[in-house]
Amino acid sequence: MSTDSHTSHAIAPKTGHDDVHGHGDGHPVSTFKGYMTGFVLSVILTAIPFWLVMSGALDSKTATAVAILAIGAVQIVVHMIYFLHMTPSSEGGWTLMALIFTVVMVVITLTGSLWVMYHLNTNMMPMDPSQLP
Amino acid sequence: MASVTADASAAEAGSANEQPVFYVTDEHEHAEGGSTQLGFWLYLMSDCLVFAVLFATYGVLGGSFAAGPSPKDLFDLPLVALNTTMLLLSSITYGFAVLEMQKNRVSPMLLWLAITGLFGAAFLGIELFEFTHMILEGATPKRSAFLSSFFTLVGTHGLHVTFGIIWMITLIVQVRMFGLTDANKRRLLCLSMFWHFLDVVWIGVFTFVYLMGVLR
């Protein structure tokens, strides 16, 4: 009797749960058009930075560096959308939450390490022997 | 079933002693594999952090040549471009395999999967060729901090590709033996995420390591 009442009790929150988190929303549907769009975009976004560096089309090195980093970032977003099928609503938004958290951690790791180590390098490295008294 | 009985006894105990319960007593059941996609995504995100640390290490040590060879002396951009092409092509062929999988067509799916594996193997072959070439020139991981961090970062990516290929071969055998069952489809979609994720990491590698290195 107690088990019976429990099962009926257990089913109700399950369906409610699925509505909220969208667990059973099945696999993302891929399309030929989506894959081809992603592929063409990534070929273009790969060719441009290689061309920029190999031909030296931009005179300034800083400008080239900024350009290839920006194009790289755009290409990563293209891959996320067209190949990894990221949408704000996939898995009830939990993949996007995990991604945002990871991006924050990656940015902290990269900028933090580079920033701290740059200052350590410039301020604490032993001087060149010729500069010693 | 076990959770139901445990739950029922917990509920009885709770009603008998009127003790508060501080955990979820009604563990609802998930459909088999219902949370695999999300779980695998979380694994990929943690893998992303591994690569973030390796990128940060390379960013810090990438300029410490110890009077040894610099990226300009070592990197061959046309070869890297060829390597990138291999990985990009393997991404789209895996996409075609997923499309065939959605149509439940086993043979074309297996063909595209095999082609993907071959592109992956070509990528690895070119990378190993590059590594041997560098090592024979004396640019070993021991030579400088730049080379240590370079081999660790690019080598870890290569190791991921290696395991991806092993996984792909395993799935080809699985699908040949058991067909496109729900479990196999789930595995194919997980490998799809893994494979495309490796392509994303490679974008970071060729931009940050190779192109920026030659530019430096």
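The analysis underlying the following values was restricted to heavy atoms, covering all of them including side chains, and did not include hydrogens, waters or symmetry mates. Letters A, B, ... are given to chains in the order of the sequence lines, protein chains preceding strands, and every chain is numbered from 1.
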Inset, instruction - Of all the heavy-atom pairs spanning A:E91 and B:L38, show the shortest one and how long it is. - result: OE2-N, 3.7 Å

Legend entry - Heavy-atom contact with chain A under 4.5 Å, split by part of B:V98: side chain

Inset, instruction - Would you mind reporting whether B:L189 and A:H85 have side-chain heavy atoms less than 4.5 Å apart? - result: no

Legend entry - Rounded distance [0.5 Å steps], OH in B:Y210 versus CD1 in A:I68: 14.0 Å

Legend entry - Point-to-point distance, once rounded to the nearest 0.5 Å, from CE of A:M36 to CG of B:L99: 10.5 Å

Legend entry - Side chains of B:L89 and A:F39 in contact at under 4.5 Å (non-hydrogen atoms): yes

Inset, instruction - Mind ranking B:T85, B:L44, B:V80 by heavy-atom pairs under 4.5 Å with chain A and telling me who comes out on top? - result: B:V80

Legend entry - Spacing of OH belonging to A:Y82 relative to NE2 belonging to B:H196, to within rounding of 0.5 Å: 14.5 Å

Inset, instruction - Select all residues of residues 57-67 of chain B having any heavy atom within less than 4.5 Å of some heavy atom of chain A, and report them by number, or 'none'. - result: B:G59, B:V60

Inset, instruction - Kindly indicate whether the side chain of A:L84, heavy atoms from C-beta on, has any atom under 4.5 Å from the side chain of B:W41. - result: yes

Inset, instruction - Would you give the length of the straight line joining atom OG1 of A:T95 to atom CD of B:Q37, rounded to the nearest 0.5 angstrom? - result: 10.0 Å

Legend entry - Option in A:I76, A:T111, A:V107 with maximal non-hydrogen atom pairs under 4.5 Å from chain B: A:I76

Inset, instruction - With a 4.5 Å heavy-atom cut-off (strictly below), which parts of residues 69-79 of chain B touch chain A? List them by number. - result: B:K72, B:L77, B:P78

Legend entry - Minimum-distance pair of heavy atoms, taken over all atoms of A:P49 and B:L211: CB-CD1, 3.7 Å

Legend entry - Contacts of residues 96-103 of chain A with chain B (heavy atom under 4.5 Å): A:A98, A:L99, A:T102

Inset, instruction - Check each atom of B:T84 against the heavy atoms of chain A and say whether the ones under 4.5 Å are side chain, backbone, both or neither. - result: side chain

Legend entry - Region of B:L42 that comes under 4.5 Å of a non-hydrogen atom in chain A: side chain

Inset, instruction - Under 4.5 Å, counting heavy-atom pairs only, tell me which of A:L45, A:V116, A:V53 racks up the most with chain B. - result: A:V53

Legend entry - Inter-residue atom distance B:S46.OG - A:M105.CE, 0.5 Å rounding: 12.0 Å

Inset, instruction - For B:W112, check ring-ring contact (aromatic ring centres under 6.0 Å, His included) against everything at least two apart and list the hits. - result: B:F96

Legend entry - Contact origin within A:T31 toward chain B - heavy atom pairs under 4.5 Å: backbone

Inset, instruction - Specify the closest pair of heavy atoms between A:T109 and B:A56, including all atoms of both residues, with the distance to one decimal. - result: O-CB, 4.0 Å

Inset, instruction - Against chain A, label B:I203 side chain, backbone, both or neither, depending on which of its atoms sit under 4.5 Å from a heavy atom there. - result: side chain

Legend entry - B:F206 side, atom CZ; A:Q75 side, atom CD - distance, nearest 0.5 Å: 4.5 Å

